[in-house]
Amino acid sequence: MHASQLPLSHEATALAVSADGKRLAASAIGNGRTVVYDLRVGRALFRFGVGATGLALSPDGGRLVTAWSDDARVPPSAARSALDARVEADEAVHTVQVFDLVTGRCLTPEPWRGEAPIALSPDGTLLAVTADRLTSAVLVYRLADGALVQELSYPHRRRLRSLAWSPDGRLLTAATGVTPVVHWSTDDFRDVRPEGVRETDAAVAFSPDGTLVAAAGPDSRIRLFEPGHEGEPRAVLAVKNGLTLLRGVAALEFSPDGALVTALGRTRATQVFSVPLARPLWTASPGPMAFLPNGKTVAAWWCGAVWLRDAESGDLRVSPADDAGDDTPSGVGPASRTVTLRSREFEGRIPTPPQTLRVVPEAQGSADVALSSAAAALIARLSTGWAESSYRTAANLLARDADGLGVRLPLRGGYAYVQIRTSADRYRLLVTVTADEPEQDPPPSSSLVRLSRWIRDRLSAEARRVAAADREWAAEIAPGAGEGDVQIERGPGSLTITLDHAPLPSLDDLEALIHAAELKLEP
């Protein structure tokens, strides 16, 4: 069981998770500190007085590598004088440090030459770092003793945005996001070009099992193909206004289970894609992210803490200890509490943090357990049989709630989120249908204009007509429901139905409710 919230007062500039999922390292340039947490208990193990923009944890979690990079420094260019380039090149950058996470000692009294980005080989023996932006080189160290194994010349005089190793450790990849990606074979450290990778690809990533390759072109579109496979790619991943949102893909990364692929843009925004569905899922605000080993959870900084988020939906998960007050007596309250905060981060927009959180107690008695089990079985049948419907697309199982009582289902023009909750001897169904986002965001408006629109939308004759029609429609979709048992809420491009139901609905009734909501939302 992982802690879901780890305090970090300043904005994180780098995150890393150990391969066993037990430790998380977070660094903040703002206070010049790097903190290592135990994810199992949510406590800080070590605090090092060094800020970093690049972090790497050894596979056994025993060593931490930090590196720093100054964004104000620029790479050389032909327009600069040879004298200026030579003077700045003489100022070697030494920012790479290694820490022992057993004793807490710094193993590098004199930092090694190099700066971020950095990358550890899968077996933890080799460390690749950027030499500096002035010489356009990559340094490969032996982590055990710091010996320089190889200095690799980078052909493009651009700032490096990412360094990555292939899962088998035989390839080292460097990318700028705007120039062709460069691969080196670790056998002889010569330039190579894997089969299927194009000369124009600006970022490449290999799936953990080595069966799939993701390659991003200059148009920020990502091809998924099998290594060595000729012809059309398996899928092409794209997001609306991708060039504006990402301004080129600087780095690609698969989740540990291979179900997701993330594209880090040169804007520092991250777009998350589903591999099975071949479609975008959500956009993370600029900042570092790190996958946990299960592939279903990511760590990201938000409002004074590092949060664990649902990798597929971006929701923040809060444990009981995180939202309980200091004066709450032990043993009082539900045995388990879950607070789900939906991020609503679509197409690169940074949302206003919600002001309220909804707390739902878990089932405690034997009767409640039986109700929850029946609801979970219905959700499982719904998600399993969704591919057999007219949509011919499997449900996104990674979107299930932690308790298995919610699932996100793909639709032709958006998605539906279905949740079932138990209360006493009744069930509460929540169905939210959301259409695709518009091509362009509406222009910003003043507070007065927004207030007038709010009043018009809620008090106009058209709003009253829509509300009356929704009440009539609610009576049609749930003819046996009592007064107040059905609630219809509308938002920009979304429709939410909340239905209190005494008996658990059948699978056909639930699917009919989803399709009816989808049709109602269509203009």
Side-chain angles (χ1 to χ4, degrees), residues 13-27 32-38 45-70 89-154 160 162-174 182-192 290:
T13 51
L15 294 171
V17 178
S18 61
D20 57 8
K22 296 179 180 179
R23 293 182 175 180
L24 180 144
S27 187
R33 179 175 295 180
T34 298
V35 185
V36 179
Y37 302 91
D38 188 327
L45 298 176
F46 301 100
R47 291 182 173 87
F48 303 114
V50 55
T53 56
L55 292 175
L57 281 165
S58 60
D60 60 0
R63 291 191 177 186
L64 170 69
V65 184
T66 68
W68 175 79
S69 180
D70 183 6
D90 289 340
E91 301 176 359
V93 179
H94 296 80
T95 71
V96 180
Q97 299 188 63
V98 183
F99 298 89
D100 189 319
L101 297 187
V102 177
T103 64
R105 293 188 305 110
C106 178
L107 302 179
T108 52
E110 294 295 331
W112 300 344
R113 178 191 171 202
E115 61 181 29
I118 63 177
L120 265 176
S121 61
D123 59 3
T125 60
L126 298 178
L127 172 68
V129 303
T130 304
D132 55 65
R133 298 181 203 165
L134 305 175
T135 58
S136 297
V138 175
L139 306 178
V140 180
Y141 290 103
R142 192 163 53 232
L143 185 62
D145 55 9
L148 181 62
V149 177
Q150 192 75 26
E151 181 170 349
L152 305 171
S153 177
Y154 191 74
L160 275 182
S162 69
L163 284 171
W165 299 80
S166 61
D168 57 6
R170 301 188 63 181
L171 287 178
L172 175 61
T173 300
V182 177
H183 303 272
W184 293 282
S185 170
T186 55
D187 295 332
D188 51 12
F189 289 103
R190 292 185 178 180
D191 294 1
V192 296

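Residue numbers count from 1 along this sequence. Here the structure is a predicted model, which is why all the values come from computation and not from measurement.
Between R63 and D60, the shortest heavy-atom distance links the atoms N-OD1, 4.4 Å. Scanning both residues, S18 and G61, for their nearest heavy atoms gives CB-CA, 4.2 Å. The two residues A52 and T66 have their closest heavy-atom pair at CB-CB, 3.9 Å. Of all heavy-atom pairs spanning A174 and L163, the tightest one is CB-CD2, 3.6 Å. The two residues L45 and R23 come nearest to each other via the heavy atoms CD1-NE, 3.7 Å. When every heavy atom of V182 is checked against every heavy atom of Y154, the shortest pair comes out as CG2-CE1, 3.6 Å.
Checked by atom type and distance alone, the side chain of T130 pairs as donor or acceptor with a backbone atom of P117 at under 3.5 Å. Between the side chain of S121 and the backbone N or O of G169, no donor-acceptor pair lies under 3.5 Å. Side-chain N or O atoms of T108 include one that pairs as donor or acceptor with a backbone N or O of V98 at under 3.5 Å.
In this structure, CH2 in W165 is found 8.5 Å from CG in L127, a value given to the nearest 0.5 Å. Here the straight-line distance linking atom CD1 of I118 with atom OG of S69 works out to 11.0 Å at 0.5 Å rounding. In this structure, the separation between CG on L24 and CG on L57 is 8.0 Å, given to the nearest 0.5 Å.
V36 has its side chain within reach of F48: a pair of non-hydrogen atoms, C-beta onward, lies under 4.5 Å apart. Residues F189 and E151 fail the side-chain proximity criterion, which asks for heavy atoms closer than 4.5 Å. Side-chain contact between R190 and S185: absent, with no pair of heavy atoms (C-beta onward) separated by less than 4.5 Å. V140 is not listed as a side-chain neighbour of T186, based on a closest heavy-atom distance of 4.5 Å or more.
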Q: In sequence, state the C-alpha distance, the side-chain angles, and the governing distance for V65 and V129, and then conclude on side-chain contact (heavy atoms from CB on, under 4.5 Å).
A: CA-CA 10 Å; V65 184; V129 303; 5.8 Å; no

Q.
Could you walk me through whether R33 and R47 satisfy the side-chain contact (heavy atoms from CB on, under 4.5 Å) test, starting with their C-alpha distance in whole Å, then the side-chain angles of each, then the deciding distance to 0.1 Å, before giving a yes or no?
A. CA-CA 7 Å; R33 179 175 295 180; R47 291 182 173 87; 4.0 Å; yes

Q: Given side-chain contact (heavy atoms from CB on, under 4.5 Å), test L126 with L172 step by step and report yes or no.
A: CA-CA 11 Å; L126 298 178; L172 175 61; over 6 Å; no

Q: Output, in order, the C-alpha distance, side-chain angles, deciding distance and verdict of side-chain contact (heavy atoms from CB on, under 4.5 Å) for F99 and T34.
A: CA-CA 11 Å; F99 298 89; T34 298; over 6 Å; no

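With sequence neighbours excluded, no residue satisfies ring-ring contact (aromatic ring centres under 6.0 Å, His included) with W184.
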